[in-house]
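Reading through the structure tokens given below for one structure.
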Amino acid sequence: VVDEPITNHLDSSYFGEISIGTPPQNFLVLFDTGSSNLWVPSTYCRALPSSPSRAVNHAKFQPNESSTFTYNGQSFTLSYGRKLTWRPLPLQIQSITVTNQEFGLSENEPTQPFYYADFDGILGMGYPSLAAGGTPTALQGMLQQNQLTQPIFSFYFSRQPTYSYGGELILGGVDTQLFQGDIVWAPVTQELYWQVMLDEFAIGQSATGWCSQGCQAIVPADGAPAVPGQLRSGRGRPADQLWLNCNEVQNMPTITFVINGAQLPLYPSAYVLNNNGYCTLGIEATYLPSQNGQPLWILGDVFLKEYYTVFDTGNNRIGFATS
Amino acid sequence: GMVRIKLRKAKSIREKMKEAGVLDDYLKKYKHDPAKKYRFSEDY
């Protein structure tokens, strides 16, 4: 097992509470549309030597306190560490109960950055084909056990998020009070991640043509947005280190994503982050292409704050509406 | 059949590592790319 740093979650900051086991044990988990496994730390978790306190800094599942625990003898490996798979236990998310949900327990702390995470584990909401070890996803469990009215979930991110209220995940439908206008739907182009085709990208009034040969956009609910790095040639440093003059923000252009023929603009007030008078660009660069070689875009939290986003597993499509 | 789960927004790992003074060294050691988690090349 080669542990890879959990750099892919450096910018994750929205999470919610679930319970596992009988009696229920509570955990804060990242609802991650970019992975498909459910895992939490356990009392078997060993801290890495590089951890600041040599102690695991999160809520840990205690098998001995669950009346139904049994190790099923399997393990799976995620990019940031090995997980032991446990026999199905009840998973509770508010009033939703999945009676038999397989999940993973960390047997080691998944690398140094995780120590600093405010969430304990991850509940993957990607497609089942992405699940390491072939374990059923939590969403599959909810659907198979008829826990949801519709095979849909949707995210609302508040524009003024706080620790007590950062937004909502709605399981089983959409909340029409959280968006306005129509929902623009786009078909999922690959049933692995939540990925759609990006037709065009415009800066100000000008179409760039950067997607004339096709672009793919992933819609994660777990991190910062990113644009293909080649569009930022010459900068030579991550976008998040670009300091901007806050007084100039109003003069910056609107950027517009065209998805399935619909224009989805992002105003500078959305993509420039103002932290107590210090402004930075809230968009990172990525240098990795999509699986078909087309430029990969990531529509992260900056985008989701502006657009209520619906993930429709029944029709394999993603919907966007003005938040 | 429809459940609303309140999300909390906390500081990101990046922000907390920065506050702890360990981010720069970490990023020098490990190249970060936001698309790294999307492992298209791996055979899932």
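In what follows, chains are A, B, ... by sequence order, proteins preceding strands, each numbered from 1.
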[atom1] of [X] to [atom2] of [Y]: how many Å apart, nearest 0.5 Å?
{"X": "D118(A)", "Y": "K9(B)", "atom1": "CG", "atom2": "NZ", "result": "10.0 Å"}
{"X": "D175(A)", "Y": "M2(B)", "atom1": "CG", "atom2": "CE", "result": "5.0 Å"}
{"X": "I5(B)", "Y": "Q94(A)", "atom1": "CD1", "atom2": "CD", "result": "5.5 Å"}
{"X": "R14(B)", "Y": "D11(A)", "atom1": "CZ", "atom2": "CG", "result": "4.0 Å"}
{"X": "R8(B)", "Y": "Y163(A)", "atom1": "CZ", "atom2": "OH", "result": "4.5 Å"}

Count the heavy-atom pairs under 4.5 Å between each of G173(A), G166(A), G167(A) and chain B, then report the option with the highest count.
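With the most close heavy-atom pairs to chain B, the winner is G167(A).
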Tell me which of these, P161(A), S158(A), G16(A), has more heavy-atom pairs under 4.5 Å with chain B than the rest.
P161(A)
Looking at every heavy atom in both [X] and [Y], which two are closest together, and how far apart are they?
{"X": "L169(A)", "Y": "L7(B)", "result": "N-CG, 3.9 Å"}
{"X": "I93(A)", "Y": "V3(B)", "result": "O-CG1, 4.3 Å"}
{"X": "Y165(A)", "Y": "K6(B)", "result": "CD1-CG, 3.7 Å"}
{"X": "Y116(A)", "Y": "K16(B)", "result": "O-CD, 3.1 Å"}

I13(B) side chain near F119(A) side chain, heavy-atom distance below 4.5 Å
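I13(B) reaches F119(A) side chain to side chain.
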Please name all residues satisfying ring-ring contact (aromatic ring centres under 6.0 Å, His included) with Y127(A), sequence neighbours left out, ordered by chain then number.
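Checked Y127(A) against ring-ring contact (aromatic ring centres under 6.0 Å, His included); matches are W194(A).
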Listed partners of S95(A) passing side chain to side chain donor-acceptor pair (under 3.5 Å), at least two apart:
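For S95(A), no residue satisfies side chain to side chain donor-acceptor pair (under 3.5 Å) once neighbours in sequence are set aside.
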Only counting residues at least two apart or in another chain, list the ones meeting side chain to side chain donor-acceptor pair (under 3.5 Å) with K18(B).
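Not a single residue meets the side chain to side chain donor-acceptor pair (under 3.5 Å) criterion with K18(B).
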Name the region of I18(A), side chain, backbone, both or neither, that has any atom closer than 4.5 Å to a heavy atom of chain B.
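Neither part; nothing is under 4.5 Å.
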What are the residues of residues 142-153 of chain A, in order of number, with any heavy atom under 4.5 angstrom from a heavy atom of chain B?
Q147(A), L148(A), T149(A)
